[in-house]
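Below, chains carry the letters A, B, ... as their sequence lines are ordered, and counting in each starts from 1. Any value given below was found using the heavy atoms of this structure, including those in side chains, with hydrogens, waters and symmetry copies removed. If you're wondering where the values come from, they're calculated on a predicted model, not measured in any experiment.
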Number of protein chains: 2
Amino acid sequence: MQEIAREAGVNQALLHYYFRTKEHLAQAAFARAAAQLMPGVIAVLAGAARLEDKVAQIVALELDHLSRAPYLPGYIIGEVTHRPERARDLIAAMAGQRAEDIRPRIFGPLKADIDARVAAGTMRPIAPQSFMVNLMALCIFPFAARPMLMAMLGLDAGGFAQLIARRRDELPAFFLGALRP
Amino acid sequence: MQEIAREAGVNQALLHYYFRTKEHLAQAAFARAAAQLMPGVIAVLAGAARLEDKVAQIVALELDHLSRAPYLPGYIIGEVTHRPERARDLIAAMAGQRAEDIRPRIFGPLKADIDARVAAGTMRPIAPQSFMVNLMALCIFPFAARPMLMAMLGLDAGGFAQLIARRRDELPAFFLGALRP
DNA sequence: GTCTATATTTCGATAGAC
DNA sequence: GTCTATCGAAATATAGAC
């Protein structure tokens with residue numbers, strides 16, 4: 001709290017005035033962060049574009065956004081890991097206004113898209129959940145594991161940025177390539 | 001320290017006797033954990049099997065191991081994120097005895113494998129680093145983000161185990177499928 | 001609303017008996 | 001090696017002036 005107050009340019013008493021307890025402050029900070037973890041992703045998935053374009057849009061959107069907030073995934077993951085009660089806030093934050101109907105809103109259109117392509121013989125079958133998890137993994141993991149990857153691959157900040165820039169180009173083809181029949 | 005002592009069935013004084021400071025204990029715990037994050041992965045990659053078999057082996061090995069230690073990725077990621085100085089210990093732990101030559105030992109054979117297949121027209125080009133990052137992402141991310149995914153997908157522990165079991169079957173085909181020419 | 005000053009609690013480290 | 005008891009520091013919460 002001392003450190004936060006100092007960085008904010010105020011004192012602990014003022015933090016207490018606004019948030020009462022450290023836990024309240026942590027919750028408020030988490031809610032803010034969670035609200036921007038997948039900013040456009042859900043909107044894109046629930047939207048009307050072609051599936052191939054959705055993938056490209058999500059990759060670009062997510063990598064650009066996380067490049068500007070590289071600590072976000074690590075923070076969210078760490079917080080939800082250490083405090084399981086944050087899980088509720090997380091889905092609430094992602095869903096925005098409408099709280100509980102988030103899953104059908106995402107997976108309904110996604111499943112329809114996939115089914116149509118499978119029926120047309122232009123895509124191999126995949127569960128919508130797997131589709132989502134794999135896409136998130138490829139986009140988010142490098143940021144979540146950023147310091148680890150930098151150590152493993154011997155990269156500095158610039159090298160990591162280059163790695164992400166390359167992924168922006170490669171990932172859509174990689175991901176969609178995996179789903180070819 | 002109190003909590004750790006209680007779970008260990010001893011008291012704080014004994015922890016102090018063995019580890020002197022909290023930082024020493026944290027370091028020792030991290031070194032242990034880091035040593036088993038990618039137990040066989042490096043051995044497999046540096047080994048002599050066919051590339052397709054290496055992928056299948058790594059997926060099976062990693063998902064089985066992490067199923068038994070699901071908190072491991074979240075812990076490692078959190079620790080390295082909050083304390084960058086852990087990065088050194090991490091690569092040291094992964095490399096085992098031979099400390100600094102870990103990258104050529106992994107990426108040398110991997111690059112040769114990929115190049116041969118690209119030359120033969122049976123694989124589309126991919127940088128060894130991308131190969132590694134994508135494979136790690138697909139294997140490790142679901143565990144790192146476990147509580148998040150459980151909340152998003154509405155899974156309990158059993159449901160998550162099923163998700164992982166399905167990935168064991170799906171991932172090799174997904175990953176190798178992405179690399180078809 | 002914002003501050004200074006302080007009370008209260010928690011935690012890491014240590015002393016010393018056995 | 002393992003314990004009980006306690007010190008000292010740090011952090012969180014609170015009181016009260018402005």
Side-chain angles (χ1 to χ4, degrees), chain A residues 1-37 69-93 96-97 143-148 151, chain B residues 1-37 69-94 144-148 151:
Chain A
M1 298 295 279
Q2 287 168 356
E3 200 177 340
I4 291 169
R6 187 171 45 72
E7 282 221 20
V10 296
N11 55 45
Q12 304 107 290
L14 198 61
L15 289 186
H16 180 261
Y17 176 78
Y18 279 106
F19 297 101
R20 278 291 295 168
T21 67
K22 184 183 185 181
E23 170 58 23
H24 276 61
L25 171 54
Q27 220 171 306
F30 181 81
R32 271 212 187 189
Q36 53 165 322
L37 177 62
Y71 294 111
L72 196 59
Y75 166 66
I76 302 274
I77 285 174
E79 197 72 2
V80 183
T81 299
H82 290 314
R83 308 192 214 193
E85 71 268 21
R86 291 274 185 276
R88 281 205 67 79
D89 307 275
L90 181 65
I91 59 161
Q97 331 297 21
F143 293 96
R146 193 172 95 120
M148 194 175 97
Chain B
M1 298 296 277
Q2 288 167 357
E3 199 177 341
I4 292 168
R6 189 171 43 74
E7 282 221 20
V10 296
N11 53 45
Q12 300 110 292
L14 198 62
L15 290 186
H16 180 260
Y17 177 78
Y18 279 106
F19 296 100
R20 278 290 295 168
T21 67
K22 184 183 185 179
E23 171 59 23
H24 277 60
L25 171 53
Q27 220 171 305
F30 181 80
R32 271 212 186 187
Q36 53 165 322
L37 177 62
Y71 295 111
L72 195 59
Y75 166 65
I76 302 273
I77 286 174
E79 197 72 2
V80 183
T81 299
H82 290 314
R83 308 192 216 196
E85 72 268 21
R86 291 274 186 276
R88 279 206 68 79
D89 308 276
L90 181 64
I91 60 160
M94 289 187 351
R146 193 173 95 121
M148 195 176 96

Determine whether more than 12 heavy atoms belonging to other residues, nucleotides or ligands lie under 6.0 Å from atom CZ of A/Phe19.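 Enclosed: over 12 neighbouring heavy atoms sit under 6.0 Å from CZ of A/Phe19.
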May I ask you to check whether over 12 heavy atoms, not counting those of B/Glu3, lie within 6.0 Å of atom CD?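 No, CD of B/Glu3 has 12 or fewer neighbouring heavy atoms, counting only those of other groups under 6.0 Å.
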[X]: side chain to side chain contact (heavy atoms under 4.5 Å, CB included) partners, not counting sequence neighbours:
| X | answer |
| --- | --- |
| B/Leu37 | A/Met148, B/Leu72, B/Ile76 |
| A/Gln2 | A/Gln12 |
| B/Ile4 | B/Leu15, B/Leu25 |

Please list, in 5' to 3' order, the outermost nucleotides of DNA chain D lying under 4.0 Å from any heavy atom of chain B.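 Range of nucleotides touched by chain B: D/dG1 to D/dT4.
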Applying side chain to side chain donor-acceptor pair (under 3.5 Å) as the test, list every pair that has at least one member in residues 15-25 of chain B; sequence neighbours left out. B/Thr21-B/His24, B/Glu23-B/Arg83, B/Glu23-B/Arg86
Is B/Arg20 near enough to C/dT14 that one of its side-chain N or O atoms lies under 4.0 angstrom from OP1 or OP2? yes
Nearest heavy-atom neighbours spanning A/Ala93 and A/Ala35: CB-N, 3.8 Å
Under 4.0 Å, heavy atom to any atom of DNA chain C: which of residues 4-19 of chain B qualify? B/Ala13, B/His16
Could you run down the sub-3.5 Å N/O contacts of the protein with nucleotides 7-11 of chain C?
residue : atom : partner : partner atom : Å
C/dC11  : OP2  : B/Gln2  : OE1          : 3.2

Can you name the ring-ring contact (aromatic ring centres under 6.0 Å, His included) partners of A/Phe143, sequence neighbours left out? A/Phe160
Is there a donor-acceptor pair under 3.5 Å between the side chain of B/Asn11 and the backbone N or O of B/Leu14? yes
Verdict with supporting geometry, A/Phe30 and A/Leu90, side-chain contact (heavy atoms from CB on, under 4.5 Å): CA-CA 8 Å; A/Phe30 181 81; A/Leu90 181 65; 4.2 Å; yes
